[in-house]
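Here the structure comes first, spelled out in structure tokens, and everything after it is commentary.
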Amino acid sequence: MNDINVGQFFDALTDDYTAVIERCFPRYREMLWGLLDYLPHGRTFDSVLELGCGTGNLSVLFREAMPDATIHLVDISGESLEVCQSRFRSPHRHTFQQCDFRDLSFADGSFDLVVSSIAIHHLNSVEKQALFGNVLKWLADDGVFCFADQCAGETDDLYTRHIENWKKLAMSAGSSTAEWEMWMQHMADHDHHDTLGVQMGWLKDVGFSIVDCPWRYLLWSVIQARK
Ligand SMILES: C[S@@+](CC[C@H](N)C(=O)[O-])C[C@H]1O[C@@H](n2cnc3c(N)ncnc32)[C@H](O)[C@@H]1O
């Protein structure tokens with residue numbers, strides 16, 4: 001058991017993050033594209049919240065897609081947030097906040113869109129449900145919540161198969177045994193995987209009217225929920 005917290009883990013990984021994540025999950029970029037591509041077409045989002053921006057890989061893509069949006073970026077890792085901030089010298093339509101998701105508070109209806117990529121699985125089941133309820137409140141009436149994340153399999157054997165196939169994928173993309181073991185330790189210490197079905201149910205339970213999964217591969221799913 002590792003005694004560092006999740007923010008310290010990502011602080012330490014910051015400089016190598018993108019290279020490591022692309023080796024560990026070669027379809028990472030496709031997943032980010034899936035998250036953005038399935039946002040309602042023809043719609044512009046003026047006020048956006050990104051949860052767990054890390055070093056800004058989704059944030060940069062989102063900025064290209066929606067150049068006029070104002071984006072509020074949140075992460076618990078100060079080092080990652082600093083790198084993210086350095087990628088947005090201009091134009092200035094970004095605000096940055098180092099904060100735990102569990103401590104966030106915004107006025108009702110503050111955002112048109114809330115996005116997140118592989119960050120929410122660091123919360124446990126109860127905390128995820130509380131966050132989903134908060135996101136619904138923070139969204140405007142026609143707001144959209146779209147996030148990519150790791151989910152458990154619906155059964156133990158499917159979950160095990162996902163992890164086995166993930167390992168094959170990571171190794172074939174150049175991950176070392178030490179790197180794979182580092183992720184497995186990270187998973188044991190900091191990850192809380194709930195199934196896709198359960199999470200879609202929670203989103204409905206808190207009051208989202210439409211919930212879908214437009215993209216999925218092994219553990220990774222893109223979930224979209226509309227208020
Ligand atoms: C796997 S990284 C993903 C970064 C980026 N979104 C991406 O797609 O590459 C997870 C991020 O979530 C942040 N994070 C994890 N738990 C958090 C929490 N409780 N509150 C705020 N940020 C958190 C971490 O610091 C890290 O930057």
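Numbering of ligands and ligand atoms starts at 1, following listing order.
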[X] neighbourhood, listing ligand 1 atoms whose heavy-atom distance to it stays under 4.0 Å:
X: C99; value: 20 (N), 21 (C)
X: S77; value: 25 (O)
X: A119; value: 12 (O)
X: C53; value: 5 (C), 6 (N)
X: G54; value: 4 (C), 27 (O)

Looking at ligand 1, is there an atom of it that comes within less than 4.0 Å of some heavy atom belonging to [X]?
X: Y17; result: yes
X: L58; result: no
X: V6; result: yes

Which heavy atom of the protein is the closest neighbour of [atom], given with residue, atom name and distance?
atom: atom 16 (N) of ligand 1; result: H122 CB, 3.5 Å
atom: atom 8 (O) of ligand 1; result: S117 OG, 2.6 Å
atom: atom 27 (O) of ligand 1; result: D75 OD2, 2.7 Å
atom: atom 18 (C) of ligand 1; result: F101 CD1, 3.5 Å
atom: atom 14 (N) of ligand 1; result: I76 CG2, 3.9 Å

For [X] and [Y], which I'm curious about, is there any donor-acceptor pair between the side chains at under 3.5 Å?
X: D212; Y: Y38; answer: no
X: D75; Y: S80; answer: no
X: R102; Y: N134; answer: no
X: H72; Y: E50; answer: no
X: Q85; Y: R87; answer: no

For ligand 1, find out whether one of its N or O atoms is nearer than 3.5 Å to an N or O atom of [X].
X: D100; value: yes
X: T55; value: no
X: R102; value: no
X: G52; value: yes

N/O donor-acceptor pair under 3.5 Å between D191 side chain and H122 backbone: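 Pair absent, no side-chain N/O of D191 close to backbone of H122.
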Thinking salt bridges, do [X] and [Y] make one under a 4.0 Å N-O criterion?
X: D194; Y: K128; result: yes
X: E164; Y: R161; result: yes
X: D112; Y: R43; result: no

Ring centre gap for H121 and H193 strictly below 6.0 Å: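 Ring-ring flag for H121/H193: true, centres closer than 6.0 Å.
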Ring centre gap for W220 and W166 strictly below 6.0 Å: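 Yes; W166 has its ring centre under 6.0 Å from that of W220.
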Single-linkage hydrophobic cluster, 4.5 Å side-chain cutoff, W138 and M66 together: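 Looking at the clustering, M66 is in a separate group from W138.
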Which segment of I118 sits under 4.0 Å of ligand 1 when only heavy atoms are counted: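 Under 4.0 Å from ligand 1, I118 contributes backbone and side-chain atoms.
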F10 and ligand 1 - part of the residue with a heavy-atom distance under 4.0 Å: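 Side chain only.
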